[in-house]
Student: 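For reference, the structure I am asking about is given below.
Any value given below was found using the heavy atoms of this structure, including those in side chains, with hydrogens, waters and symmetry copies removed.
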Amino acid sequence: MNFGEPTDFAIEAYHEPSGPEWRGFGRICIYIQGKQLGNVRENHSSLFQAVDRLRELQTSIEALWDQSFGAMSDAEIFTVLDRALYAGDRPDWNRYGRFDFLTNAGEPFDNFKTFIICRPSGSVHVLYQLPDGIMDFAACSVQSLRRVAASFVSWFDEQVRNTAPPYFPVEPSDR
């Protein structure tokens with residue numbers, strides 16, 4: 001299933017349940033400005049962590065800026081976040097953890113390091129390092145990310161509800 005436009009922001013995902021106990025498993029990757037992040041060929045991976053992060057971003061995306069970033073480039077911000085969360089002696093998750101995007105969010109994102117910021121101009125930037133060590137960034141609008149994330153999360157919730165009714169009972173208000 002595809003959500004969004006790969007040249008802007010998109011999510012490609014497939015639900016692959018093999019019984020109720022495996023609800024929410026499948027394949028996923030994101031595209032931003034035509035760049036693929038994640039391995040959509042990684043079969044039967046848990047999608048929950050990526051879904052939770054995308055669900056959270058729908059309401060918190062504009063808060064993803066820290067005044068310490070000032071006039072830094074995306075590469076400089078990547079370095080600050082990488083040192084603060086992964087490469088430093090004392091990780092500072094309280095201050096910088098909210099900028100971690102899909103790093104270690106299931107097998108499709110293994111060996112991808114991704115951070116997300118929202119510049120004061122309203123442009124969302126995904127800063128990433130590929131498994132081969134190449135570091136780069138790509139951008140989209142807040143509206144694109146929010147729209148695509150909402151569509152994907154809604155689809156995922158419906159898929160999980162349909163494959164595992166005992167675990168996700170239908171609320172009376174959903175009828």
Side-chain angles (χ1 to χ4, degrees), residues 2-13 24 26-42 45-153 156:
N2 293 302
F3 305 88
E5 174 56 46
T7 57
D8 183 30
F9 183 78
I11 299 169
E12 181 178 357
R27 299 178 286 139
I28 188 172
C29 73
I30 66 166
Y31 297 90
I32 184 161
Q33 284 189 322
K35 297 172 182 166
Q36 180 180 336
L37 302 177
N39 181 2
V40 76
R41 291 189 174 112
E42 183 72 43
S45 302
S46 174
L47 303 178
F48 286 103
Q49 190 174 2
V51 170
D52 288 346
R53 185 63 175 131
L54 289 159
R55 184 186 318 275
E56 174 187 304
L57 285 174
Q58 292 176 68
T59 57
S60 68
I61 191 67
E62 288 96 346
L64 292 179
W65 183 252
D66 190 278
Q67 293 305 317
S68 70
F69 298 156
M72 288 183 193
S73 69
D74 286 339
E76 291 168 326
I77 294 171
F78 182 97
T79 300
V80 167
L81 294 173
D82 190 34
R83 284 185 185 148
L85 299 176
Y86 294 106
D89 293 336
R90 296 187 343 235
D92 191 352
W93 282 92
N94 288 332
R95 181 172 184 181
Y96 294 111
R98 64 192 167 123
F99 300 104
D100 193 57
F101 185 30
L102 295 170
T103 306
N104 299 319
E107 295 88 344
F109 299 102
D110 282 353
N111 301 314
F112 286 84
K113 193 176 288 181
T114 58
F115 303 115
I116 189 166
I117 62 169
C118 183
R119 291 199 170 269
S121 65
S123 179
V124 176
H125 290 230
V126 175
L127 322 173
Y128 60 88
Q129 185 173 32
L130 300 174
D132 62 8
I134 293 174
M135 186 178 58
D136 204 355
F137 75 93
C140 69
S141 69
V142 168
Q143 295 82 6
S144 292
L145 185 134
R146 187 173 279 136
R147 179 179 36 76
V148 170
S151 294
F152 167 68
V153 168
F156 179 82

Student: Quick check: do L37 and L102 have side-chain heavy atoms less than 4.5 Å from each other?
Tutor: no

Student: Any idea how F69 and Y96 line up, ring-wise: parallel (<30°), tilted (30 to 60°), or perpendicular (>60°)?
Tutor: parallel

Student: With no hydrogens and no angle check, is any side-chain donor or acceptor of E76 less than 3.5 Å from a backbone partner on S73?
Tutor: yes

Student: At their closest point, which heavy atom of E56 faces which heavy atom of S60, and how far apart are they?
Tutor: O-OG, 3.0 Å

Student: Got V126 and F137 here, is their nearest side-chain heavy-atom distance under 4.5 Å?
Tutor: no

Student: State, yes or no, whether a side-chain contact exists between V142 and C118 at a heavy-atom distance under 4.5 Å.
Tutor: yes

Student: So, taking the atom named CD1 in I32 and the one named CG in L145, what distance separates them when rounded to the nearest 0.5 Å?
Tutor: 7.0 Å

Student: With heavy-atom distances below 4.5 Å as the criterion, would you say the side chains of W65 and R119 are in contact?
Tutor: yes

Student: How many angstroms lie between CD1 in I11 and SG in C29, if you round to the nearest 0.5 Å?
Tutor: 9.5 Å

Student: Mark yes when over 12 heavy atoms from residues, nucleotides or ligands other than D132 sit less than 6.0 Å from its CG; otherwise mark no.
Tutor: yes

Student: What I'd like to find out is whether the side chain of F101 reaches to under 4.5 Å of the side chain of L57, using heavy atoms alone.
Tutor: yes

Student: Given I117 and D74, is the side chain to side chain contact (heavy atoms under 4.5 Å, CB included) satisfied, shown in steps?
Tutor: CA-CA 9 Å; I117 62 169; D74 286 339; 3.8 Å; yes

Student: Do you know the tightest heavy-atom contact between G106 and Q49?
Tutor: N-OE1, 4.0 Å

Student: Tell me if a side-chain donor or acceptor on Q129 pairs with a main-chain N or O of P131 at a distance below 3.5 Å.
Tutor: no

Student: Out of curiosity, E107 CD to I28 CD1, how far, rounded to the nearest 0.5 Å?
Tutor: 12.0 Å

Student: Does the side chain of F99 reach to within under 4.5 Å of the side chain of I116, using non-hydrogen atoms?
Tutor: no

Student: Please check: side-chain N/O of R98 versus main-chain N/O of A63, any donor-acceptor pairing under 3.5 Å?
Tutor: yes

Student: Distance from R146 atom CZ to C140 atom SG, nearest 0.5 Å?
Tutor: 11.0 Å

Student: Mind checking the OG1-CG spacing from T114 to D100? Nearest 0.5 Å is all I need.
Tutor: 6.0 Å

Student: Could you check if a side-chain atom of N39 sits within less than 4.5 angstrom of a side-chain atom of N111, using non-hydrogen atoms only?
Tutor: no

Student: Any chance you could measure D92, atom CG, to N94, atom CG, to the nearest 0.5 Å?
Tutor: 6.5 Å

Student: For Q33 and A138, indicate whether the former's side chain and the latter's backbone hold a donor-acceptor pair under 3.5 Å.
Tutor: no

Student: If you take all heavy atoms of F152 and A13, which pair is closest and at what distance?
Tutor: CE1-CB, 3.4 Å

Student: Would you name the heavy atoms of R53 and L64 that are closest together and state the gap between them?
Tutor: NH2-CD1, 4.4 Å

Student: So which atom in A105 and which in F109 form the shortest heavy-atom distance, rounded to 0.1 Å?
Tutor: O-CD1, 3.5 Å

Student: For side chain to side chain contact (heavy atoms under 4.5 Å, CB included), just list the numbers for Y86 and T103, CA-CA rounded to whole Å, side-chain angles, deciding distance to a tenth of an Å, and then say yes or no.
Tutor: CA-CA 11 Å; Y86 294 106; T103 306; 3.4 Å; yes

Student: In this structure, is the centre-to-centre distance between the rings of F78 and F115 below 6.0 Å?
Tutor: yes

